[in-house]
Amino acid sequence: MNVLAADFYARPVLEVARDLIGCIVEHGSAAGVIVETEAYHEREPACHAFIGPTSRTRTLFGPPGRAYVYRSYGIHALLNAVCEPEGVGAAVLIRALQPITGLEAMRARRPAVNSPVARTHADEHLCSGPGKLTQALGVSLAENGSDLSAGALRIVPPSRAWQEPRLLEGPRIGISRAVELPWRFCVAGNRHVSRPWPR
DNA sequence: CATGGGATTGACT
DNA sequence: GTCAATCCCATGC
């Protein structure tokens, strides 16, 4: 199986954030194309690694090509790919996927109680957010530190059919510091991104 | 040991 | 548009 090796991730995090667009995240029978990413680096204060190595951020300073999964708002697991050489704290947050396979498994893991199912189960709502896609794929904190090139959770290169998209870039979502950095990337016009592009 | 703040989401006004 | 849910962990006393 074709996977991205550690040297792919051991590069400047902004390059990896762009290059991960179009790559495929697989977990079990479920998979989707990455259509939205954000870059984080220890030198800017929005990055968890800004404070240095702690029990929470240890994974970020570890070898590139591992998963950094952490709990957000006490509820959601957010998936990142650790980047830059070992010792540098940096990662790419995977913010949205276009589902390819295992859509029924995704729907089974997404909430449907007490809500119109269409709201959470339509294709374009299954993985259109960093907390949604981990839920849809069944990724949990247990995957923190796992090798993204070997194991149940993998990232593989784009399929042959994937056409190089036009990329939009802009400010990252949901942060309060370093808000000015245009380190968010997404596929122009794609319906599966977490938010419409700001004008 | 107590506190406060999130790289979010979905329900509701 | 507003708001609660919920938990890990960094920080400060």
Side-chain angles (χ1 to χ4, degrees), chain A residues 9 13-14 16-18 20-21 25 32 34-62 66-84 88-97 99 106-145 148 153 155 168-186 191-199:
Chain A
Y9 300 96
V13 68
L14 285 173
V16 183
R18 290 174 167 281
L20 276 175
I21 300 285
V25 180
I34 299 173
V35 296
E36 180 180 350
T37 60
E38 286 178 358
Y40 289 86
H41 190 280
E42 65 180 23
R43 291 197 51 192
E44 47 87 15
C47 183
H48 293 166
F50 184 70
I51 60 174
T54 65
S55 62
R56 182 195 203 191
T57 64
R58 184 170 305 119
T59 312
L60 284 170
F61 291 90
R66 305 293 182 90
Y68 169 53
V69 185
Y70 72 96
R71 188 167 301 291
S72 175
Y73 291 93
I75 302 176
H76 305 288
L78 268 56
L79 171 64
N80 299 250
V82 175
C83 296
E84 308 253 352
V88 178
V92 172
L93 171 67
I94 312 297
R95 283 194 60 89
L97 303 177
M106 292 183 185
R107 292 190 178 98
R109 287 186 282 252
R110 296 274 293 139
V113 191
N114 286 340
S115 71
V117 165
R119 191 152 195 164
T120 50
H121 283 191
D123 292 9
E124 64 270 29
H125 293 314
L126 282 176
C127 299
S128 58
K132 293 175 169 185
L133 69 91
T134 54
Q135 190 174 38
L137 291 179
V139 170
S140 72
L141 298 198
E143 270 81 10
N144 185 42
L148 290 170
L153 177 62
I155 302 182
L168 298 179
E169 59 178 69
R172 294 171 292 181
I173 303 296
I175 56 171
S176 57
R177 300 194 291 176
V179 294
E180 72 284 356
L181 297 177
W183 286 9
R184 176 189 180 211
F185 305 95
C186 74
R191 294 179 303 126
H192 301 81
V193 301
S194 65
R195 294 205 194 174
W197 201 252
R199 55 161 291 115

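In what follows, every chain begins at residue 1, and chains take the letters A, B, ... in the order their sequences are listed.
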For [X] and [N], is the shortest distance between a side-chain N/O and OP1 or OP2 below 4.0 Å?
X	N	value
A:R95	B:dT8	yes
A:R177	B:dA7	no
A:S55	C:dA10	yes

Figure out the [atom1]/[atom2] separation between [X] and [N], and round it to whole Å.
X	N	atom1	atom2	result
A:R119	B:dC12	CZ	P	9 Å
A:E124	B:dG10	CD	P	13 Å
A:L79	B:dT8	CG	C1'	15 Å
A:F50	B:dG6	CZ	C1'	16 Å
A:N80	B:dA7	CG	P	11 Å
A:L181	B:dA7	CG	P	15 Å
A:R58	C:dC8	CZ	P	16 Å
A:I173	B:dT8	CD1	P	8 Å

Hunt down the Watson-Crick or G-U wobble partner of B:dA7, both distances under 3.5 Å, from any strand shown, or write none. none
Name the pairing partner of C:dT6, where a pair is Watson-Crick or G-U wobble with both distances under 3.5 Å, or state none. none
Comparing A:T54 and A:R71 on DNA chain C - which has the more 5′ nearest nucleotide: A:R71
Under 4.0 Å between a side-chain nitrogen and a carboxylate oxygen: does that hold for A:R195 and A:E36? no
Sidechain N-carboxylate O distance under 4.0 Å for A:R191, A:E124: yes
Pick the nucleotide of DNA chain B nearest each of A:I175 and A:Q135; which residue has the one closer to the 5' end? A:I175
For A:K132 and A:G74, take the nucleotide of DNA chain B holding the closest heavy atom to each; which residue's nucleotide lies nearer the 5' end?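 Whichever sits nearer the 5' end wins; that is A:G74.
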For side-chain contact (heavy atoms from CB on, under 4.5 Å), just list the numbers for A:F61 and A:V88, CA-CA rounded to whole Å, side-chain angles, deciding distance to a tenth of an Å, and then say yes or no. CA-CA 5 Å; A:F61 291 90; A:V88 178; over 6 Å; no
Between B:dA7 and A:Y40, is there a base-stacking contact, meaning the centre of the base's six-membered ring lies under 5.5 Å from the residue's ring centre while the planes stay under 30° apart? yes
Answer with base, sugar-phosphate or nothing: what part of the nucleic acid does A:R56 contact at a heavy-atom distance below 4.0 Å?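 It contacts sugar-phosphate atoms only.
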Give the intermediate values and the outcome of side-chain contact (heavy atoms from CB on, under 4.5 Å) for residues A:L20 and A:Y9. CA-CA 9 Å; A:L20 276 175; A:Y9 300 96; 4.3 Å; yes
Compare the minimum distances between each of B:dT8, B:dA7, C:dT11 and the side chain of A:I51, then state the nucleotide with the smallest one.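 Nearest nucleotide to the side chain: C:dT11.
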Closest to the A:H76 side chain, choosing from B:dT8, C:dA5, B:dG10: B:dT8
Between the base of B:dA7 and the side chain of A:Y73, is one N or O donor paired with an acceptor at under 3.5 angstrom? no
Nearest heavy atoms of A:A178 and A:P45, plus distance in Å: CB-CD, 3.9 Å
Under 3.5 Å donor-acceptor, A:H121 side chain and A:R110 backbone: yes
